[in-house]
Structure formats: C-alpha cells, structure tokens
Participant: 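One structure follows; several queries about it will come next.
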Amino acid sequence: MSTTPDYQIILNQIQREFAELPLSGKVASYIPELAGVPFDKFGMHLHTMAGEDFCFGDSKDRFSIQSISKVFSLSLAMKVVGEDLWSRVDVEPSGDPFNSLSQLENEAGIPRNPFINAGALVVADVLVSSFSNPKAALLTFLHEITGDPTITYDETVAASEKAHGYRNYALVNYMKSFGNIENEVEEVLDLYFHQCSLEMSCKELAQAFIIYANQGALLNSEREFLTGQQVKRINALMQTCGFYDEAGEFSFEVGLPGKSGVGGGIVAVHPKKYAVAVWSPPLNPKGNSALGMAALERLTTLTGFSIF
Ligand code: DON
C-alpha cells in the first residue's frame, strides 16, 4: 500500500543536500539579458492534487520561463485547431539540440515535435493565424489557469532575444520556404520571443501545471481547460521531447514528464499526484538546469515513485 510522502521533509532534505555541493553549469548567456541572473538562485515548489503546497528557497521569485512557455502555447494551439496541428508538426523526439536546423531539410520543413524551436515556431504561427492579438490570447490563457492577472512578458528580455535571434529567424524563414509558416516571419517571431520572456515563479508554474496532472482541469473547478486526451498527448510529448537531446536522460533519472527552459526552470508533472517546479540558473551542456535535474531526481528517488 502506498502512503502519501511528507513532501516538505523531502524538499527540506533536497535543499540541504545541495546547499553543501558546489554548483556546476553555466548561466545562459546567448540572450544577454539572461546572463545577469544570479547563478545561485535555487527554489522549488510542489503543488499536490489535494491543493497542498510545499516549497523552499527562491520559489516565489519570478524568472524567465523561456521554453517552458512552449507547453502553454501548444495547449492553446491544440484547443483552437485540435488534431489538425499534427499535419504541420510531428510528435517524435529529435535527439538534437533545441535550436537545430538540420532535420528540417530532409523532413520538408515539418519539425519533429512542438518543443524544439522549429516546432514551437509552427505552433506560434498557428496562434498568429487564430487570434487577432495572439500575445493577449496567450496571456489570457495563463491568467485563467493561474488566477493571477499580473503574469506578463518581460519586454527587455523579448527585445534582447530578438536582437540575437539569428537561428530562430533562420528556422522560420526556412520553414516558410517549405510552406509551413502562414504568416509574416516578424509576426511569428514577435509572439515566440514574447512567450519565451514570460516571467513566473516556481509557485506559479507548479500551480499552472496542475492542469496537466488533473486531466485538464483546475483543482476544485468544473472548468476543463483541456480534454483528457489533450493532456495525455501533452504529457507524452513532455516525456519524450521536453528536454531535447537530453529527454532520455531526464526520463531515466527522474521518470516524470517535464519541460525545461534556458532561464534555469524545469516543471514536471506526476499525473494524478502533483506538479512541481524547480529553478536554478546554471545549465548543463545540453541547456537544461543542472541542479534542477538533480533535485528532481532526488524527489522521485526520495518519494519512491515516478510514473514508471
Ligand atoms: O529560442 C530560444 O533560444 C529561447 N528563447 C528558448 C530556448 C529554451 O528555453 C530552450 N530550452 N531549454
């Protein structure tokens, strides 16, 4: 028989264990605005299906969620275009870095999955086609699932990314040459750079991601944001593609669906149990938070359960 673990005792232990170890990894610097984030920030927040909250450290500080936003934009695109999305973006792991261009040539401009940049840019294109103000639509979706209308874009980070977004420009232009981008390149990138600049805390992320643990609904609410089938698909994609060329390693070590961002955040979901977010800015060579991955490995080891 499985009993509910004492999450706060486990989180305290994780905080203690890592406080004694030197930090490894490097804070993302290819977006200059991210390079200045203090490297020793460390926070974690776990939100359960019973509505309980457990946390430590800098869990209430907002940070740049970067590619974690791809889960929100994908959710919104699935709501508006449904299964038609899959004719424009595939659902296979890429085994390549997040910003790779190489597979697109052989695969006729169809990205491997919605979490690599190419796939997220097609998703952004779908949102630009679907909404007269896609940036506002994405914020509305987030405000509804978090109940917090103060969550917003960081214009400085969005501008910093635009000024250095050569690869993302290349990806959109290349996919447009195959006919897989409907809108103007600038419009698609404007949404993409803004979604990456969204600022949220571990607490807010864990609370927002509870819909992926709870079949698409908020706790204690009749309102279903996503269907059970959509949540199944999003969690499957997080499991197989959420960490790019480190998706296998994350599954192997942590055993939960999750999504990382180069701001140092990682969110993971234990379906029907909890959503958890962790933040530590230094990244490993694959671009995922080094300490974040290690902390989540400790979480599933110390609780004694993962999805496997
Ligand atoms: O496209 C980019 O370069 C970033 N703004 C987002 C990248 C990101 O977070 C990749 N994930 N770990």
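Counting starts at 1 for both ligands and their atoms, in listed order. The residues of the chain are indexed from 1 along the displayed sequence.
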Participant: Which residues pass the side-chain contact (heavy atoms from CB on, under 4.5 Å) test with S102, sequence neighbours left out?
Facilitator: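 Checked S102 against side-chain contact (heavy atoms from CB on, under 4.5 Å); matches are D96, S100.
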Participant: Is there a side-chain contact between C241 and R112 (heavy atoms, below 4.5 Å)?
Facilitator: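 No, side chains not in contact.
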Participant: Considering only NZ, NE, NH1 and NH2 on the basic side and carboxylate oxygens on the acidic side, decide whether R88 and D125 come within less than 4.0 Å.
Facilitator: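 Between D125 and R88 there is a salt bridge, with a charged N closer than 4.0 Å to a carboxylate O.
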Participant: What pairs with K176 under side-chain hydrogen bond (donor to acceptor under 3.5 Å, both in side chains), at least two apart in sequence or on another chain?
Facilitator: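 Checked K176 against side-chain hydrogen bond (donor to acceptor under 3.5 Å, both in side chains); zero matches.
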Participant: For ligand 1, run through the N/O pairs with the protein that fall under 3.5 Å and put one pair on each line.
Facilitator:
{"residue": "ligand 1", "atom": "1 (O)", "partner": "N117", "partner atom": "ND2", "Å": "2.8"}
{"residue": "ligand 1", "atom": "1 (O)", "partner": "E161", "partner atom": "OE2", "Å": "3.2"}
{"residue": "ligand 1", "atom": "1 (O)", "partner": "N168", "partner atom": "ND2", "Å": "3.1"}
{"residue": "ligand 1", "atom": "1 (O)", "partner": "Y192", "partner atom": "OH", "Å": "2.5"}
{"residue": "ligand 1", "atom": "3 (O)", "partner": "Y30", "partner atom": "OH", "Å": "2.6"}
{"residue": "ligand 1", "atom": "3 (O)", "partner": "E161", "partner atom": "OE2", "Å": "3.4"}
{"residue": "ligand 1", "atom": "5 (N)", "partner": "Q66", "partner atom": "OE1", "Å": "2.6"}
{"residue": "ligand 1", "atom": "5 (N)", "partner": "E161", "partner atom": "OE1", "Å": "2.7"}
{"residue": "ligand 1", "atom": "5 (N)", "partner": "E161", "partner atom": "OE2", "Å": "2.4"}
{"residue": "ligand 1", "atom": "9 (O)", "partner": "S67", "partner atom": "N", "Å": "3.0"}
{"residue": "ligand 1", "atom": "9 (O)", "partner": "S67", "partner atom": "OG", "Å": "2.6"}
{"residue": "ligand 1", "atom": "9 (O)", "partner": "V262", "partner atom": "N", "Å": "2.9"}
{"residue": "ligand 1", "atom": "11 (N)", "partner": "S67", "partner atom": "OG", "Å": "3.1"}
{"residue": "ligand 1", "atom": "11 (N)", "partner": "Y244", "partner atom": "OH", "Å": "3.1"}

Participant: Residues two or more places apart in sequence or in another chain: which of them pass ring pair (Phe, Tyr, Trp, His ring centres under 6.0 Å) with F98?
Facilitator: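 Testing F98 for ring pair (Phe, Tyr, Trp, His ring centres under 6.0 Å), a comparison that skips the adjacent residues, returns Y244.
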Participant: Using a strict cut-off of less than 4.0 Å between a Lys/Arg side-chain nitrogen and an Asp/Glu carboxylate oxygen, indicate whether E224 and K79 qualify as a salt bridge.
Facilitator: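 Looking at K79 together with E224, the answer is no, because their closest N to O distance does not fall below 4.0 Å.
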